[in-house]
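Working notes, beginning with the structure itself.
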Amino acid sequence: MGTAHERNAEINRELSWLKFNNRIQEEADNVDNPLLERAKFLAIVTSNMDEFLQVRYERIYEGRDSEEKLQGHISGKKLYRKVNKELLHQCNRQYTLYEGIRSELHLQGIQLYPAFFMDSALSEREKVLFEQEICPHLKVEELKSVRIRQKQLYVCVKLVRSPRKPAQFKLIALPTSLPRLYDLSENKDQQCLIKLEDIVQHHIYRLFPREEVEHSAVFRVLCNQNFPVVEETAQDVVPAVQEMLLKRLQGAVTRLEAEERMSEEMLTLLMKQFRVEQERRYRVTGPLDLNKLMMSLYSMVKRADLKYPAAQPLEVPALMGEDVFDVIDREDWLLFHPYHSFAPVVHLMQRAAVDPTVKSIKQTLYRVSGTSPIVAALAQAAENGKDVLVLFEAHARFDEANNLHWGQKLEAAGCRVLYGLPNLKVHSKVTLFEREVDGELRREVHLGTGNYHDGTAKLYTDFGLLTADKQLTADAAAFFDALRGRDAHLEEIVKAPDQMQKKLISLIEREAVNAENGLPARILAKMNSLSDKKIIKALLKASQAGVEINLIVRGVCCVIPEVEGVSENIHVRSIVGRHLEHARAFMFENAGQHEVYLASADWMPRNLVRRAELMFPIKEEASRRAVENVLTLQWNDTQKARRCNADGDYELNKLEEGGVNAQETLLKDIWGVYEGKYN
């Protein structure tokens, strides 16, 4: 992409992702964070790393001998070495951090075995737990015939019956339905927590009364889960996804993790069984799967003083009445979750299900909770005779089976359900309501940057716009027509994959022209990831034209800022805090006539080229200013924002005292932020 000089301002996507995971790991090491929140950050790092190994790693492995240059002007061979080195570094640091957190927990009266002595009382309670709650769920399997389940913990056991007979190796799967941690203590002032695998290994001899257990150790495997789904028509979507799910069960092992104490004999046997090469095995210096372990710890320990102070999202009473549609007809409402409660969105769906004026509901769903009130409201609406159309995306990674299940439930309730478009994920977040009032058609629409998921809405930051604007609602209706294969033209809402990339580039190029003509030119944009080469090229040219470009990018950012003569006017911040920064919001100076857009899409090829996404303008003045004020506050964060420098490294730009923590400020006074009180 571009000249060699310009390539100095670009980093490979995989390496940028690893830098992002490292920033999360730094939060686990940040003593200013409450102790149990640090444990949760440790869990997130492990979860992220697991997904990287499941989804991204196999492609890197396949290119391990290639000299072909990839994004960031790095060969596949060099990328493979760098990724392996960084993964090893992060894994080692994870367990160093784990030991530190475990030691600090001990000082707080929370002891993780083997940090406490198993006296007779504790041993008896452990024995009862094993016999009554654990043993009935254990199954001994043959190593050579087991169908291994990725990410599940297994105990491998070496059994000896007599010196003249060869040793046998068996496997015991530790069911995911069982808790990962058990509390053996009775003293409320002190908790003695023990891992499931420790209890099983303490009593493993009970499972083999005729043999001697010579050695046992815990392991797990991660498998490739990235399989293409090939479809030609909409009717192919469900069977193709179902076929892909079956392939995942047989994915090649990308990593074998074993307890450090596992014998070389046993580890070699497992490597042979699962066809694992030397560089894909890893001896773990602590408990396996810190994600589930730390999340279990977080939920079991009821210590408010070791967690973030509780924060209640702001309620919006005006949107909670029976007249909610009339309220939206009168004015636009811009919600910013989790600072605003998600309850108005749920209430709107529930009112639509019973409101006699509502004739139809059309909605796109990508991820929902396991007990989704959104899905329940859609089913109720259909049962009440309303026309309900739902595009329930079957391709949502690791939620495919869940979405197919919910889609079938909605079909049974009478909804018309689409499961996606062939070879194109529908990632947009839009709900259109059509009503008949006094013989006239009225429309209201909810457009968002995040999923209709009542659980993650408490943790992820996302904007949602409620409006009855005639053009935006007409465009939303046209978008649903397009999803069904009809000719449709959108005036103000911009959709991917056919429009959004071109529109963004044109907006960036307009700023460059304005800068060259001496007019005010600036871009302030927030997103999860930035990796699209065409967008990066446009940003570099705009920077060279003198456009001030401030980017708040949480995760992957493939443009390196502040490189002299190339990207010196581009500045990048990344915020990692108590909430996951998930919103996408873009402000273009436009010679003083600011334009603000929200979107479901990041500036990545997958969003702009391979997904059905929506970007929509914020037209109403107060809402536009509110988005800008949020972005400005976050840009000025001096507590959680990290600045990316010209080397591509991130530094915490923290003041010793005071300063701005954007997330905490928003929790304290969302309306004040909207009004620019803190800018």
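Treat the numbers as computed from the prediction; the structure is a model and nothing was measured. All values below come from the heavy atoms of this structure, side chains included, with hydrogens, waters and symmetry mates left out. Numbers here are sequence positions counted from 1.
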Backbone N or O of [Y] within a donor-acceptor pair of the [X] side chain at under 3.5 Å?
X	Y	value
Ser16	Asn12	no
Glu400	Leu245	no
Asn528	Asp602	no
Tyr339	Asp669	no
Glu26	Ile24	no
Arg255	Leu222	no
Gln94	Leu42	yes
Ser185	Cys192	yes
Thr638	Val660	yes
Ser369	Asp454	no

- Verify side-chain hydrogen bond (donor to acceptor under 3.5 Å, both in side chains) between Ser574 and Arg23, making sure each step is shown before the conclusion. CA-CA 9 Å; Ser574 172; Arg23 296 196 291 277; 3.0 Å; yes
Would you tell me whether [X] and [Y] have side-chain atoms, one donor and one acceptor, within less than 3.5 Å of each other?
X	Y	value
Tyr282	Asn92	yes
His582	Asp462	yes
Glu104	Gln108	no

Closest non-hydrogen atom pair, [X] against [Y]:
X	Y	result
Ala167	Lys158	CB-CE, 3.6 Å
Lys195	Tyr113	NZ-O, 3.3 Å
Val221	Ile148	CG2-CG1, 4.0 Å
His340	Pro313	C-CB, 3.9 Å
Leu53	Thr254	O-OG1, 3.2 Å
Ile11	Lys19	CD1-CE, 3.5 Å

What I want to find out is whether [X] reaches [Y] closely enough, with some N-O distance under 4.0 Å, to be called a salt bridge.
X	Y	answer
Arg367	Glu393	no
Arg59	Glu14	no
Glu27	Arg642	yes

- Message: Applying side chain to side chain donor-acceptor pair (under 3.5 Å), can you list everything that pairs with Asn48, at least two apart in sequence or on another chain?
- Response: Asn21
- Task: Could you tell me which residues satisfy side chain to side chain donor-acceptor pair (under 3.5 Å) with Tyr452, sequence neighbours excluded, listed by chain and number?
- Result: Thr431, His446
Looking at side-chain heavy atoms only, is the closest gap between [X] and [Y] below 4.5 Å?
X	Y	answer
Leu143	Leu270	yes
Glu51	Arg56	no
Gln273	Phe169	no
Cys557	Tyr650	yes
Lys292	Thr176	yes
Glu257	Asp289	no

- Item | Spacing of CG belonging to Asp29 relative to OG1 belonging to Thr96, to within rounding of 0.5 Å | 9.5 Å
- Task: Enter the distance from Gln152:CD to Leu288:CG here, rounded to the nearest 0.5 Å.
- Result: 12.5 Å
- Item | Derivation and outcome, side-chain hydrogen bond (donor to acceptor under 3.5 Å, both in side chains), residues Tyr205 and Glu212 | CA-CA 7 Å; Tyr205 65 91; Glu212 177 188 350; over 6 Å; no
Whether over 12 other heavy atoms sit under 6.0 Å from [X] [atom1]:
X	atom1	result
Arg261	CZ	yes
Arg149	CZ	no
Lys85	NZ	no
Lys409	NZ	no
Lys307	NZ	yes
Tyr308	OH	yes

- Message: Please identify which of these residues, Gln225, Arg220, Gln150, meets the side-chain contact (heavy atoms from CB on, under 4.5 Å) condition with Asp50.
- Response: Arg220
- Item | Reference residue Glu664; test side chain to side chain donor-acceptor pair (under 3.5 Å); the match among Arg578, Gln639, Lys640 | Arg578
- Query: What do the steps show when you test Asn84 against Tyr57 for side-chain hydrogen bond (donor to acceptor under 3.5 Å, both in side chains), and what is the final call?
  - Reply: CA-CA 10 Å; Asn84 281 345; Tyr57 189 78; 2.7 Å; yes
- For the pair His203 and Phe130, name the ring-plane relationship: parallel under 30°, tilted 30 to 60°, perpendicular over 60°. parallel
- Message: Does the plane of the ring in Tyr154 sit parallel, tilted or perpendicular to the ring in Phe219? Use 30° and 60° as the thresholds.
- Response: parallel
- Assert yes or no for the condition that the ring centre distance of Trp406 to Phe392 is strictly below 6.0 Å. no
- Could you check Glu211 against Lys170 for side-chain contact (heavy atoms from CB on, under 4.5 Å), going step by step and ending with a plain yes or no? CA-CA 12 Å; Glu211 294 94 0; Lys170 305 280 188 178; over 6 Å; no
- Message: Does Tyr460 form a side-chain contact (heavy atoms from CB on, under 4.5 Å) with His337? I'd like the steps, not just the answer.
- Response: CA-CA 7 Å; Tyr460 295 8; His337 312 296; over 6 Å; no
- Could you check Arg180 against Glu197 for salt bridge (charged side-chain N to carboxylate O under 4.0 Å, His left out), going step by step and ending with a plain yes or no? CA-CA 8 Å; Arg180 182 67 194 280; Glu197 59 266 35; 2.7 Å; yes
- Message: Strictly by salt bridge (charged side-chain N to carboxylate O under 4.0 Å, His left out), give each pair with a member in residues 277-288 just once, sequence neighbours left out.
- Response: Glu58-Arg280, Glu264-Arg281, Glu264-Arg283
- Are Leu193 and Val301 close enough, and set up right, to give a side-chain contact (heavy atoms from CB on, under 4.5 Å), and what steps lead you there? CA-CA 10 Å; Leu193 304 177; Val301 178; 4.2 Å; yes
- Worked verdict on Leu290 versus Tyr95 for side-chain contact (heavy atoms from CB on, under 4.5 Å): CA-CA 9 Å; Leu290 289 178; Tyr95 286 97; 3.8 Å; yes
- Does NZ or CZ of Arg38 come closer than 6.0 Å to the centre of the six-membered ring of Phe41, within 45° of the ring's axis? no
